[in-house]
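Have a look at the structure below, then the notes.
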Amino acid sequence: MSVEVFYDDDADLGLIQAKKVAVIGYGSQGHAHALSLRDSGVDVVIGLPEGSKSRPKAEEQGLRVVTPAQAAAEADVIMVLAPDTAQRGIYAESIAPNLAPGKAIFFGHGFNIRYGLIKPPAEVDVAMVAPKGPGHLVRRQYSDGKGVPCLVAVEQDASGNALALALAYAKGIGGTRAGAIKTTFTEETETDLFGEQAVLCGGASALVQTGFEVLTEAGYAPEVAYFECLHELKLIVDLMYEGGIAKMRYSISDTAEYGDLSRGSRIIDSRVKDEMRKILGEIQSGEFAREWVAEDEAGRPNFTKWQAEGAAHPIEETGKKLRGMMSWVDRPITETA
Ligand SMILES: NC(=O)C1=CN([C@@H]2O[C@H](COP(=O)(O)OP(=O)(O)OC[C@H]3O[C@@H](n4cnc5c(N)ncnc54)[C@H](OP(=O)(O)O)[C@@H]3O)[C@@H](O)[C@H]2O)C=CC1
Ligand SMILES: CC[C@](O)(C(C)=O)C(=O)O
Ligand SMILES: [Mg+2]
Ligand SMILES: [Mg+2]
């Protein structure tokens, strides 16, 4: 393997325990990083605006909450875990005035650095610790004594110790239990955006919805269509996760495997591959980033419309009804402690 992977023994937790860490934002990633760092013996302060709805939650969970500016002023390491579109404004208003030589600014995703929306001064370390999974799973895995693999990257090494500090941070959230892979801000940003748009979120959601539509429009029961197109996807993906596509194909019937081998490439055909390449091009050129920043600045008209359309899709109503009957779906991933 050509990538460098670091585990617990390669990381010195003492490096991050010796620093004060400000976590800016307390959402999916923010709560996971802050609680796990605290449980790893790190001095953590949360930075949130006065009116933030995340404030009571962080305080109930025993964390000290101050404004982003105060947190940035107090801390040696500032981890920015606010929404990507909010980070540029938070940086200009609250972080930049509180940076000083010897401090470090960390990110959970490289978007703002990769697209030049944030340009930290040369005297500070700039690094990334990006878990390869949703924040609620990051916290749950840490609490269960495990970890979610993460990517680490250094954009600017003013101290000469930025990678060691990033690895210490990764250890504090359980990342080096599973493995921390060294990468760059560019590679993390472009692959993360591609993965979520073409495969994991955009691709998978469209595949599931379209399959459900084809079955129900042909007169099959929505409940049966839901099982075939959504529910069983987890069971199939669990097998892929455990042992790759080969293990999934080993476990399914010969009939399913023949259908997979003979029909799959008719669904994901060369037109789909060309479209994936186009999407990657928009990410690499910065076109997607410009579009998303403009959409956010305009008050997210398309985002809101598409979100509402997705929520109103008939598969959601069917799923809500069916999940209520499934006693084994009893611990939502978004429930963490
Ligand atoms: N979601 C995930 O699992 C993953 C996210 N990432 C990256 O992590 C970062 C955070 O994303 P995510 O956890 O999804 O974010 P969320 O949307 O879940 O949470 C954002 C948090 O930031 C707070 N916030 C909003 N505006 C400000 C502000 N002006 N100043 C300070 N805090 C603010 C929000 O508070 P309020 O509740 O008041 O809105 C909320 O607590 C992003 O860079 C993202 O790309 C990386 C890997 C996976
Ligand atoms: C797949 C979506 C993701 O990239 C993630 C959980 O890793 C995100 O930005 O939320
Ligand atoms: Mg991701
Ligand atoms: Mg992402």
Side-chain angles (χ1 to χ4, degrees), residues 3 5 23-36 54 79-88 90 106-115 117-118 127-143 146-153 155 166 169-170 173-209 230 233-234 237-238 240-241 276 279-280 282-284 286-293 295-296 300 303 306-307 310-311 332-336:
V3 293
V5 188
V23 175
I24 310 297
Y26 199 73
S28 180
Q29 288 292 322
H31 91 286
H33 290 226
L35 293 173
S36 302
S54 301
M79 170 52 105
V80 187
L81 293 173
D84 294 311
T85 45
Q87 290 182 11
R88 187 170 44 147
I90 299 169
F106 278 23
F107 295 86
H109 177 42
F111 191 91
N112 281 272
I113 295 290
R114 161 64 182 83
Y115 295 113
L117 300 166
I118 291 178
M128 173 170 47
V129 179
K132 288 289 92 185
H136 298 93
L137 209 56
V138 172
R139 176 58 181 162
R140 183 187 290 186
Q141 291 283 75
Y142 177 90
S143 305
K146 296 184 254 174
V148 166
C150 55
L151 299 183
V152 289
E155 181 76 5
Y169 185 107
I173 62 168
T176 49
R177 291 175 182 165
I181 299 170
K182 191 174 165 204
T183 183
T184 61
F185 271 64
T186 295
E187 185 173 65
E188 184 278 337
T189 305
E190 294 178 4
T191 54
D192 188 77
L193 293 176
F194 178 80
E196 66 201 20
Q197 292 174 24
V199 182
L200 304 173
C201 307
S205 303
L207 189 69
V208 167
Q209 287 176 338
L230 190 151
L233 186 61
K234 175 178 170 15
V237 169
D238 281 350
M240 288 190 193
Y241 180 82
M276 284 190 179
I279 284 173
L280 181 60
E282 290 163 7
I283 292 166
Q284 290 169 329
E287 186 184 335
F288 170 77
R290 283 189 293 278
E291 177 188 319
W292 175 217
V293 169
E295 167 75 9
D296 182 67
R300 303 187 172 199
F303 183 91
W306 294 329
Q307 213 175 31
I333 286 174
T334 46
E335 212 173 75
T336 62

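Whatever order the structure lists them in is the order used to number ligands and atoms, beginning at 1.
In this structure, atom 1 (C) of ligand 2 lies nearest to the protein heavy atom Cys201 SG, 3.8 Å. Nearest protein neighbour of atom 9 (O) of ligand 2, counting heavy atoms only, is Glu196 OE1, 3.1 Å. Given atom 7 (O) of ligand 2, the protein heavy atom at minimum distance is Asp192 OD1, 4.0 Å.
Rounding to 10°, one obtains 90° for the angle at the Mg ion (ligand 4) between OD2 (Asp192) and OE1 (Glu196).
Taking every heavy atom of Pro134 and a limit of under 4.0 angstrom, the matching atoms of ligand 2 come to 6 (C).
In terms of polar-atom proximity, Lys132 is not counted as a contact of ligand 2, lacking any N or O under 3.5 Å from an N or O of the ligand.
Using cut-offs of 30° and 60° on the angle between ring planes, the pair His33 and Tyr169 is tilted. In this pair, His136 and His31 present their aromatic rings tilted. The plane angle is within the 30 to 60° band.
Annotation: Lys182, atom NZ; neighbour count of heavy atoms from other residues, nucleotides and ligands within 6.0 Å does not exceed 12.
In this structure, Arg88 is not positioned above the aromatic face of Tyr115 in the sense of NZ or CZ being under 6.0 Å from the six-membered ring centre and within 45° of the axis.
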*Is there a side chain to side chain contact (heavy atoms under 4.5 Å, CB included) between Phe106 and Met128 once you walk through the steps?*
CA-CA 5 Å; Phe106 278 23; Met128 173 170 47; over 6 Å; no
